[in-house]
Amino acid sequence: MSIKTVIVDLESITTPQPPQVAKSVIEALANTITQLKGLVHPPILKAVGIDEYELLSGHLEFYAYLQARKFDASLPDRITALIANQKTEDAIRQQLQIIQGSSSSQSTANSSASLDLGNLEAKLDRLSSHRDQSLQALKESLLAAIDQKIPQPTISLPILEAFDRVQETDIAIQVQKNLQLALGKAKAQKAVGLLQSAKAKKLNLTKLATVREVLTESRNGKSTKLVSDKKILEIMESWS
C-alpha cells in the first residue's frame, strides 16, 4: 500500500470552505510560492471521479497557490499532489489526525508556557513598582527627618536688604519662609526665583520701586504682577 503522486489540473479539484486563517497568512505563503515557483508541501487529494478530486489535506497550501497565480501568471495551472484511494484513505486520515493532534498539544503547551511567563513578568513588574514606591516613601521620610534636625537659619535683616542679598543661601531660605506665610509656597518660590534672577542681572533691590517691577511674571505675552502693591505693604509690615 503506497501513496501515489500525480500532477492534477487545478480545475479538477473541489474544496470545502476556505481555511479559517487570516488573509495575510495566505498572501505570505503565496509570496513564497511565487519565489520558489511551486509548493514545498503538496496537498493530499481523494479521487471522486474521472479527473475529479477532493481535498483531504493542504487547504491552506491550495488556496495560497491560487493566490500566488494571481501574483504570477506564469505559474502552471496544475500542481503536484498526493492521491488517496480506498485502501490508503483511512491510514492517511489517521496519520493526519495524529499530526494535527500533536501540533494542537504542542500549541497548547506553548500557550500555557507563554501564559505562565506572562504572569511571572506581571508579578515581577508589580514587585518592582512596589519596591520603587517603598524606596520613594523612605527617601521622603528621611529627607523630612533631616530637615527637622537641621537648624533653620534665622536672619533679622530688613526686608529690602534681605531681598538684595537673596542669592545667599541662608537668606534665600528665610526670605522664602517669610513670603510663604503671606503668599503660599508656590508664589513664594516664584518670588524668590524672580528676585534671584534680578540679582544675577546686578539690579539693586534695596529700592521698593525696583522690587515692584521685579515681582512680575509674563502671562500670554503680558506682564502681570505676582504680588500686588497692597500685599507687598502687608509683607513689609509683618516682616521679621
Side-chain angles (χ1 to χ4, degrees), residues 1-139 220:
M1 181 169 61
S2 61
I3 304 176
K4 295 181 179 180
T5 302
V6 297
I7 297 176
V8 179
D9 291 335
L10 295 174
E11 292 182 352
S12 65
I13 300 172
T14 59
T15 65
Q17 294 296 321
Q20 300 300 312
V21 296
K23 183 179 179 182
S24 59
V25 175
I26 294 177
E27 291 183 348
L29 182 56
N31 285 326
T32 65
I33 292 172
T34 58
Q35 293 173 18
L36 299 173
K37 300 298 182 181
L39 284 166
V40 174
H41 192 282
I44 300 175
L45 307 177
K46 174 186 175 182
V48 293
I50 298 176
D51 291 333
E52 293 182 6
Y53 303 92
E54 180 181 307
L55 267 176
L56 289 182
S57 176
H59 299 75
L60 173 60
E61 290 87 342
F62 178 74
Y63 281 99
Y65 190 87
L66 295 180
Q67 182 66 39
R69 293 195 72 235
K70 295 179 181 179
F71 295 158
D72 183 357
S74 68
L75 284 172
D77 59 356
R78 297 174 295 167
I79 59 172
T80 300
L82 304 177
I83 303 298
N85 53 36
Q86 291 181 346
K87 293 181 180 180
T88 60
E89 183 178 349
D90 289 341
I92 289 173
R93 289 186 183 277
Q94 290 176 7
Q95 189 177 118
L96 291 174
Q97 289 175 356
I98 292 171
I99 292 172
Q100 291 170 356
S102 175
S103 299
S104 178
S105 298
Q106 184 63 39
S107 176
T108 302
N110 290 339
S111 297
S112 297
S114 298
L115 181 60
D116 291 341
L117 181 59
N119 290 337
L120 178 59
E121 290 176 345
K123 289 179 180 178
L124 289 175
D125 287 342
R126 287 196 296 270
L127 288 173
S128 178
S129 177
H130 180 70
R131 180 202 61 191
D132 292 343
Q133 291 175 1
S134 298
L135 288 174
Q136 182 62 28
L138 178 60
K139 178 181 177 181
N220 299 324

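When reading the values below, keep in mind they use all heavy atoms of this one structure, side chains included, and skip hydrogens, waters and symmetry mates.
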Taking atom [atom1] of [X] and atom [atom2] of [Y], what is their separation to the nearest 0.5 Å?
{"X": "Ile44", "Y": "His59", "atom1": "CD1", "atom2": "NE2", "result": "10.5 Å"}
{"X": "Thr34", "Y": "Tyr65", "atom1": "OG1", "atom2": "OH", "result": "11.0 Å"}
{"X": "Ile7", "Y": "Ile79", "atom1": "CD1", "atom2": "CD1", "result": "10.5 Å"}
{"X": "Arg78", "Y": "Thr80", "atom1": "CZ", "atom2": "OG1", "result": "9.0 Å"}
{"X": "Gln67", "Y": "Leu75", "atom1": "CD", "atom2": "CG", "result": "11.5 Å"}
{"X": "Leu66", "Y": "Lys70", "atom1": "CG", "atom2": "NZ", "result": "7.5 Å"}

Open item on the list: Keeping Thr14 on the side-chain end and Tyr53 on the backbone end, is there a donor-acceptor pair under 3.5 Å?
Closed with: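 Checked: pair present.
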
- [ ] Could you walk me through whether Arg69 and Asp77 pass side chain to side chain contact (heavy atoms under 4.5 Å, CB included), step by step?
- [x] CA-CA 8 Å; Arg69 293 195 72 235; Asp77 59 356; 3.7 Å; yes

Task: Working for side chain to side chain contact (heavy atoms under 4.5 Å, CB included), residues Phe62 and Leu39 - done: CA-CA 9 Å; Phe62 178 74; Leu39 284 166; over 6 Å; no

Task: Partner of Leu45 under side-chain contact (heavy atoms from CB on, under 4.5 Å), chosen from Thr15, Leu55, Val6 - done: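 Among the candidates, only Leu55 passes.
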
Task: Pro42 versus Leu82, closest heavy-atom pair with distance - done: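 Taking Pro42 first and Leu82 second, the nearest heavy atoms are CG-CG, 4.3 Å.
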
Open item on the list: Do Lys37 and Pro76 have side chains that approach each other closer than 4.5 Å (heavy atoms only, starting at C-beta)?
Closed with: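 Heavy-atom side-chain distance check fails, nothing below 4.5 Å.
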
Validation: residues 22-33 side-chain donor-acceptor distances under 3.5 Å, sequence neighbours left out:
residue, atom, partner, partner atom, Å
Asn31, ND2, Glu27, O, 3.2
Thr32, OG1, Leu29, O, 2.6

- [ ] Please indicate whether Gln136 has more than 12 foreign heavy atoms, meaning atoms of other residues, nucleotides or ligands, lying under 6.0 Å from its CD.
- [x]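 Check passes, neighbour count above 12.
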
